[in-house]
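The sequence lines fix the lettering, A, B, ..., with proteins before strands; numbering per chain opens at 1.
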Amino acid sequence: MEKGGRDGIPISIEELNKLKEVADRARKNVIRMQFYDQSIHVGSSLSSIEILTALELKILRDSNDPVNKDWLILSKGHAAPALYAVLHEKGLIKEEELWKIQDISGLLQGHPETFIPGVDMSTGSLGQGLSFGIGVATGIKMTKGTGRVFVIMGDGEQDEGEVWEAMTHAVARNLDNLVAIIEMNGFQLDESTKNVKPKEFLPEVWRAVGWRVFNCDGHDIASVISTVGEALKTGKPAVIFAETKRGKGFTPIENTKRQRTVPDVARQFLLNS
Amino acid sequence: MLQGSFSSIREAFGKTLVKLGEKDNDIVVITADVGDSSRASYFKEKFPDRYFNIGISEQDMVNFGAGLSAVGKKPVVVGFAMFLMRAWEQMRNSIGRMNLNVKVFVTHSGYSDSGDGSSHQALEDVALMRVIPNFKVIIPADAAEVERSMPVVLEDRGPLYYRMGRDYSPPITSTMDYKFEIGKAYVLREGDDISLMGAGVVLWDALKAAEELEKMGISAAVINLPTIKPIDQSTIEYYARKTGRIVTVEEHNVMGGVGSAIAETVVKTYPVPMRFVGATTYGRSARSQRELLDYYGITPKTIVNSALELIK
């Protein structure tokens with residue numbers, strides 16, 4: 001595995017600090033969302049905060065032209081609260097909508113839907129985002145567009161057979177405008193990933209299939225940005241294994257399979273932080 | 001009626017696809033390693049840059065098509081009916097849910113893959129596909145209707161499932177002259193005493209049955225419903241009122257398929273007694289599709305007997 005270099009995408013200390021503040025606010029808003037809805041996947045969302053912040057607020061190039069914009073596909077759709085919190089920071093989703101997540105009168109669904117501003121693919125069923133991303137990336141190349149495609153997956157999601165179909169397909173297409181990011185937070189729905197099926201072999205498998213394989217600290221925005229920068233320069237499909245923690249930054253559930261706490265614990269946590 | 005020559009459904013598909021590809025540069029063809037079997041590969045010969053054999057991976061194929069449509073391409077996803085069903089959830093959750101302009105063209109439906117046996121014979125796909133919101137479902141009657149309908153289908157916007165067999169294509173519409181419209185039923189034969197309604201190659205059996213019934217003094221209308229969804233409610237209601245009895249025929253399980261779709265309309269508009277001719281279980285191997293239709297009782301004789309049950 002290659003370590004992301006420092007010469008990918010330029011960023012100043014001030015900008016980096018601003019992104020960290022964005023990520024902090026997004027993290028708190030995700031924790032706050034469970035005051036309003038007790039079934040959202042807080043733990044899985046907090047694993048994704050820095051990756052989404054780096055992509056949405058630094059890396060993605062937006063455009064109304066589908067082939068000249070960058071696409072972000074949240075294949076691990078259950079981290080939707082994190083996406084919504086970051087899209088709120090981007091000005092695409094109003095704050096009051098965040099508190100109406102999963103409410104029948106609200107806009108924000110339990111999993112991403114394309115009718116929500118800033119959502120590029122309706123997801124929720126695992127294993128499907130990479131295939132869609134390959135279609136988008138291929139269409140972009142056929143039209144000589146400049147768009148790039150980022151697909152965020154979970155480690156548990158790697159159990160899905162369609163990931164294998166897509167992983168081998170991307171190499172056959174030789175797509176250099178496609179970056180997959182796999183969050184290695186070590187947990188899937190029922191238990192820790194190592195109790196379910198081993199995952200350590202994954203980077204080796206992706207490399208053997210023909211991907212350029214990187215790793216990064218998925219909670220270090222600078223590491224995410226520089227590694228994505230490197231990944232975009234390989235001329236091949238690239239995958240980044242991002243080390244993350246389920247529930248990162250929310251100590252009552254951090255690094256456990258627990259997705260949430262009772263609202264009072266969350267309230268107390270936010271008061272003390 | 002029943003004039004004209006037999007020709008192949010998939011040949012008509014492959015050749016028409018090339019013609020349409022000449023007119024529309026956005027059409028891209030994707031297949032999961034069944035390009036030759038489906039005749040989609042004719043497109044590859046002409047437009048290699050717009051043809052993707054992505055390997056034996058139907059789930060990936062569906063979402064790959066979804067992604068291509070998201071950036072403005074018009075993907076034609078081609079596979080065997082049976083094996084597209086393993087990507088049913090992808091069709092439901094990506095193409096349907098995002099209402100994307102992906103056309104799913106399947107061959108080898110029904111008993112058409114006679115030799116390969118029950119693993120390859122899709123007799124449940126119409127039920128599965130018509131239940132997905134946003135999806136339209138088309139079953140052409142014969143090779144002529146493939147040629148006639150494909151330009152219209154590819155002009156239409158949105159998800160669509162287009163169900164074909166393989167070669168067996170008795171002449172049903174080949175001598176007719178009509179403009180194909182999605183959502184419209186076509187009268188193959190007028191009649192007053194009973195209506196025989198259905199879709200696909202088994203309409204030939206319905207036409208044969210109507211000839212037999214005529215010999216008995218029974219006047220049977222035969223209605224071709226190439227669009228299963230959205231279904232032509234007014235034509236169904238008209239013939240329910242006119243003839244008072246309906247026999248449906250399909251190369252598909254009688255649960256949830258063409259007959260069920262017709263029945264849903266009939267009970268809403270003008271309930272009349274009905275009988276359903278179609279499959280009830282898995283198929284098996286045989287040397288021809290016709291043998292299997294006969295073996296499982298999707299025949300003129302069964303249709304005649306069902307009609308007589310309603311008439312006596």
So, do B:Val28 and A:Met142 sit near enough that their side-chain heavy atoms are less than 4.5 Å apart?
-> yes
How long is the gap from OG1 on A:Thr114 to CG on B:Leu100, to the nearest 0.5 Å?
-> 7.5 Å
Is chain A contacted by the side chain of B:Val62, its backbone, both, or neither, given a heavy-atom distance below 4.5 Å?
-> neither
Would you say the side-chain atoms of A:Glu165 pair up with the backbone N or O of B:Asp60, donor to acceptor, closer than 3.5 Å?
-> yes
Go through the atoms of B:Asp49 and report whether side chain, backbone, both or neither lie under 4.5 Å from a heavy atom of chain A.
-> backbone
Is it the case that more than 12 heavy atoms not belonging to B:Glu264 sit under 6.0 Å from its CD atom?
-> yes
Taking every non-hydrogen atom, the tightest pair across A:Ser131 and B:Asn63 = CB-CB, 3.3 Å
Toward chain B, the part of A:Thr168 with a non-hydrogen atom under 4.5 Å | neither
A:Val136 vs B:Leu68, side-chain contact (heavy atoms from CB on, under 4.5 Å): CA-CA, chis, key distance, verdict | CA-CA 5 Å; A:Val136 171; B:Leu68 280 162; over 6 Å; no
Looking only at heavy atoms, what is the nearest atom pair of A:Ser125 and B:Asn93, with distance?
-> CB-ND2, 3.5 Å
NE2/A:His169 to OG/B:Ser57 distance, rounded to the nearest 0.5 angstrom?
-> 7.5 Å
Between A:Glu162 and the options B:Glu58, B:Gln90, B:Glu89, the side chain to side chain contact (heavy atoms under 4.5 Å, CB included) test singles out B:Gln90
NZ of A:Lys100: more than 12 outside heavy atoms within 6.0 angstrom?
-> yes
Would you be so kind as to tabulate the donor-acceptor pairs closer than 3.5 Å made by side chains of residues 106-113 of chain A, with sequence neighbours excluded?
unit_1	atom_1	unit_2	atom_2	d
A:Gln109	NE2	A:Leu107	O	3.2
A:Glu113	OE1	A:Ser122	OG	3.4
A:Glu113	OE1	B:Arg97	NH1	3.3
A:Glu113	OE2	B:Arg97	NH1	2.8

Step through the shown structure and confirm whether more than 12 heavy atoms of other residues, nucleotides or ligands are within 6.0 Å of OH on B:Tyr282.
-> no
Determine whether more than 12 heavy atoms belonging to other residues, nucleotides or ligands lie under 6.0 Å from atom CZ of B:Arg166.
-> yes
Closest non-hydrogen atoms of A:Phe132 and B:Ala70, given as atom of the first, atom of the second and distance, are CZ-CB, 3.7 Å
Best-contacting candidate, A:Val149, A:Asp120, A:Val163, A:Thr138, against chain B by heavy atom pairs under 4.5 angstrom = A:Thr138
Can you tell which part of A:Trp164 gets under 4.5 Å to a heavy atom of chain B, answering side chain, backbone, both or neither?
-> neither
Tell me, side chain or backbone of A:Ala166 under 4.5 Å from chain B's heavy atoms, or both, or neither?
-> both
